[in-house]
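Written out below as structure tokens is the structure these notes cover.
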Amino acid sequence: MNSSVSFFSLNVRGLRNNVKRRAVFCYLEGVGFDFCFLQEVHLRDGGDVCRFKREWDKGESFWGIGGVHSTGLGILCGHREVKIENTFVIIQGRVLGIDVKFREARYRLIGVYGPQVAADRREMVDCLAPLCVTNRHLVIGGDFNIDLGVGGDSSAGAISGLMACHGLVDGGLHTTPAMVGPTWRNSRGVARRLDYIFVSRSLGQLSGRLLPVFFTDHDGVFLQVGSPVCLFGRGYWKLDRDILEEQAFVDAFFCFFRRLNSLRSMCEGVLEWWDLVKVRIRAFIIGYCRRKKREERREVDRIQRLIELEYEAGNLGGSIDWERFAALKAQLRELQEQKARAFLERAHSGFLEHNETCSAMFFKSVRARQSRKVMHGVREENGSIVSKPEEMVRVTTDHFQGLFKEREIDVEQGNVFLEHLSRRLPEDIRDVMEAQISLEEVESALRRMGKGKVPGMDGLPAEFYLKFWGILGPVVLEVLKAILETGVPGGSMAVGVLSLLYKKGEATDLGNWRPLTMLCVDYKILAKVLADRLRTALPYVVHEDQTCGVEGRSIRWNLQLIRDSIAWVEDRGLPLMVAALDQAKAFDRVNRSFLFRVLGRLGFGEKFIGWIRTLYVGAECRVSVNSHLGDVFDLSSGVRQGCPLSALLFVLYMEPLGAAIRADTGVEGLLIPGSGGLRVKMTQYADDTSLLLCKDSCLTRSLAIFGDFTRASGAVLNHAKSSVKFVGRWRGRTDVPGGLSLCEGALRILGVHFETSGSATLNWNMRIAVVQRKLAMWKARYLSFMGKVLVLKVDVLPSLLYLAYIYPLLACLRRPLVRLVFQFMWSGRCEWVARARMICPIGEGGRGVPHFPLKLD
């Protein structure tokens with residue numbers, strides 16, 4: 001079977017004449033296309049549609065009624081094997097589309113016949129934008145009535161922008177030789193390239209030619225593409241949260257769930273019953289959504305038919321009700337935009353203003369975010385790069401299966417580190433942590449869970465549990481108690497999905513992708529209940545050097561300590577080295593047996609440790625590569641990034657290292673002025689460890705301790721990313737003990753850059769540059785005042801406040817920052833309201849624009 005797919009586009013200049021139509025169809029049969037876009041077919045009414053469908057017998061065909069003298073489109077399939085999944089019309093007689101499945105690949109085909117007026121063409125492009133939001137291979141073909149090579153009006157730029165937004169290429173320019181010649185000529189000698197086929201980049205190698213025909217003044221554009229790569233898989237089912245707001249669904253679910261109690265007699269226990277219940281819930285929701293989708297399609301078809309009837313009335317000599325026609329057209333566009341918005345929300349594209357239209361810039365920003373998550377190739381151990389989905393899934397699965405396997409550790413060396421742990425959990429706290437979980441505790445954990453998060457393998461998000469908590473709450477509590485009693489989690493609860501987040505560096509290197517685990521909400525509820533209890537115990541057993549996850553401590557402590565230490569030694573001319581230590585795959589290399597021994601040494605009860613063991617022993621996962629799922633494999637090491645317990649458990653896992661460094665007399669830290677001889681050696685935030693040392697031997701000894709910790713726990717120091725900066729008397733040194741790299745510029749720790757001087761100016765200039773780039777992007781969107789204030793509060797202000805707690809905003813930099821903000825608010829135009837008034841709350845007549853303070857305590 002031919003692995004390529006071919007497309008053909010032609011303006012036929014009318015098909016209502018029987019003889020011409022028969023001649024055109026005979027010609028098209030000889031072209032040998034898989035799909036064909038026809039323009040200017042001059043369909044008059046439904047009778048013409050039925051006639052054309054009947055006469056094209058090579059495959060399915062779809063037609064859009066237009067005016068009898070100018071518009072009308074058709075999309076023809078050249079094979080019976082094409083499966084039609086959806087059809088839609090956005091602009092009657094101008095834009096027609098179908099969703100098809102052909103040779104295991106899915107396409108969205110859009111036929112276009114562009115208006116001759118530039119403003120109408122621009123409106124057509126705006127209408128196309130929602131249709132381009134799809135995971136299918138996208139192909140747009142037709143007569144656009146403008147030569148993009150010549151341009152000349154705003155519609156040419158809009159078309160080019162649409163292509164850039166959605167990863168489309170001009171098929172004619174990407175063939176060899178390029179089809180750059182004119183596709184239309186008139187009797188006066190004017191020639192233009194008006195006919196195009198735009199295709200997704202994922203469709204691979206292109207070839208084609210222009211085909212002159214005898215029955216029209218346009219040439220046909222024939223384009224052949226290689227076998228498309230099925231870049232995105234189907235993934236796994238996830239509930240559409242929108243249906244939770246439908247009263248019909250809520251009522252139906254209540255009735256359905258009550259009937260599930262009858263299944264208990266068929267199961268051995270509540271855990272088996274709960275897994276069966278979740279399968280039945282999924283089947284019920286899928287059935288409901290399918291029925292709803294059919295109803296929505298019927299509604300779209302109904303509106304399209306009403307629009308066609310208006311056209312038919314005009315074509316048959318009657319009058320068109322233009323007001324009704326415009327209202328129907330607006331309804332149709334709103335339905336398509338709703339589908340596009342739902343797609344983007346599922347893709348987690350960020351917030352969307354309620355009244356904002358689906359502008360091209362909005363879709364462009366979303367596509368940019370999505371492209372960062374796409375894997376186009378993966379490097380194997382032998383250095384070769386694979387790009388086929390099944391091969392990428394295999395290589396990725398093998399990589400993470402190897403990463404999460406249990407590694408041998410030195411138990412005796414581990415005992416040495418455990419001896420340094422002197423703190424113990426008080427008995428009363430331990431007893432509270434091992435108390436039986438309650439319904440109130442479980443509900444509190446659920447309500448504090450993040451909304452809009454991707455669910456686990458069962459597809460049920462937190463919003464689902466919240467909506468039906470009245471009937472699900474007692475069941476979930478019973479299930480969680482059974483898990484803690486038996487030590488065996490349910491089937492779906494044990495399996496997570498590894499979603500890979502690209503960090504930086506070579507994208508084909510799997511080491512540059514961070515694995516985040518998508519977990520079922522019932523698992524996360526239990527993990528969050530245990531995490532809440534564990535969080536109350538951390539202040540008793542974790543040293544003040546560690547600030548991550550401990551109540552009452554802040555990441556600002558780490559940064560302020562480093563800032564003040566550098567300032568102190570620079571002022572007094574004292575020697576100091578700041579060593580920023582980075583661990584390789586820190587969370588993924590946690591040895592669980594060592595972790596459980598740490599918990600026991602710190603005084604946690606066997607019952608609570610058993611509960612933690614229940615969630616981690618026997619854990620499994622599947623890798624997701626572009627929504628293609630790999631086989632299930634065991635997670636024998638590591639704490640799941642995505643589990644509420646992971647950060648807290650990692651903090652406890654790292655505590656023996658900190659205790660060993662603090663207890664070692666060979667490691668001499670920085671003397672704190674006015675402390676009576678107290679020295680600070682280090683500061684920790686999860687796996688980020690910063691050493692403050694005054695002797696070369698101290699660094700050598702610290703690295704030796706870390707080497708011993710590696711043998712005891714499995715943690716590995718990443719020497720390539722660990723660096724040392726010399727400050728104070730040692731400023732300018734180039735020899736680094738211990739084999740670490742020298743940091744010659746600013747030292748970046750926890751997102752803040754530290755220099756020997758001028759750190760505040762350096763950091764704020766960098767942040768203001770980032771703000772400038774962000775606001776430049778947001779300016780392209782048509783935002784209201786309130787939308788712009790939301791952008792400032794959500795996307796700009798948090799990072800500035802984070803820095804302001806470390807380095808107050810300098811007075812000399814406040815003015816350019818404020819200027820940027822108000823230029824954004826007023827789109828560079830005259831400011832009609834005083835800035836002081838704009839900063840006031842809305843209730844006081846202002847707009848609530850964020851105020852940027854000079855200093856934060």
Side-chain angles (χ1 to χ4, degrees), residues 4-15 24-25 27-41 56 58 61-62 64 71-78 94-98 100 102 107-116 121 124-125 128 137-151 155-156 159-160 162-163 168-186 190-201 203-226 228:
S4 63
V5 183
S6 57
F7 303 93
F8 186 59
S9 178
L10 179 64
N11 184 319
V12 295
R13 296 296 298 273
L15 281 183
V24 170
F25 282 0
Y27 170 81
L28 294 177
E29 290 174 7
V31 172
F33 57 78
D34 294 312
F35 301 100
C36 175
F37 304 99
L38 298 182
Q39 306 88 46
E40 210 171 339
V41 295
W56 177 256
K58 295 299 180 182
S61 63
F62 299 88
T71 58
L73 302 106
I75 299 180
L76 281 56
C77 301
R94 294 288 185 184
V95 180
L96 174 70
I98 60 174
V100 301
F102 182 55
Y107 301 86
R108 172 160 291 180
L109 310 177
I110 301 177
V112 170
Y113 179 47
Q116 294 184 349
R121 278 197 303 272
M124 179 194 72
V125 175
L128 279 174
H137 301 292
L138 184 62
V139 181
I140 304 177
D143 175 6
F144 284 77
N145 260 317
I146 186 172
D147 191 333
L148 297 180
V150 177
S155 65
I159 294 172
S160 300
L162 185 78
M163 294 170 60
L168 298 171
V169 297
D170 183 344
L173 297 182
H174 283 70
T175 59
T176 304
M179 296 186 290
V180 295
T183 61
W184 168 81
R185 301 168 183 83
N186 66 11
V190 179
R192 294 284 187 271
R193 183 170 178 246
L194 305 179
D195 303 86
Y196 300 86
I197 299 180
F198 303 136
V199 298
S200 296
R201 296 180 185 274
L203 286 174
Q205 187 175 3
L206 307 177
S207 61
R209 60 189 185 276
L210 297 179
L211 300 178
V213 294
F214 62 89
F215 47 80
T216 177
D217 53 1
H218 286 257
D219 292 343
V221 180
F222 183 85
L223 190 66
Q224 195 165 18
V225 303

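In what follows, every heavy atom counts, from backbone to side chain, and hydrogens, waters and symmetry copies are set aside.
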Nearest atoms (heavy-atom pairs only) where [X] meets [Y]:
X	Y	value
L210	V221	CD2-CG2, 3.9 Å
S200	H137	OG-C, 3.8 Å
G32	S6	O-OG, 3.5 Å

ring-ring contact (aromatic ring centres under 6.0 Å, His included) filter on F35, not counting sequence neighbours, yields F7, F102
Sequence neighbours excluded, the answer for side-chain contact (heavy atoms from CB on, under 4.5 Å) partners of V169 is H174, V199, R201, L206
For D219, the salt bridge (Lys or Arg N to Asp or Glu O under 4.0 Å) test, sequence neighbours excluded, returns R185
Minimum side-chain heavy-atom gap [X]-[Y] below 4.5 Å:
X	Y	answer
L15	F25	yes
L28	W56	yes
Y113	N11	yes
F8	I197	no

Measure from the side-chain N and O atoms of [X] to the backbone N and O of [Y], and report whether any donor-acceptor pair falls under 3.5 Å.
X	Y	value
R94	G114	yes
T183	L194	yes
R13	H218	no
D217	W184	no

Paired with L109, the side chain to side chain contact (heavy atoms under 4.5 Å, CB included) test is passed by just one of V100, L138, L96, namely V100
Of D143, D170, D147, the one forming a salt bridge (charged side-chain N to carboxylate O under 4.0 Å, His left out) with R193 is D170
Y27 and F215 aromatic ring geometry - parallel, tilted or perpendicular at 30°/60° bounds:
perpendicular
Is a donor from one side chain sitting under 3.5 angstrom from an acceptor on the other, for Q224 and T175?
no
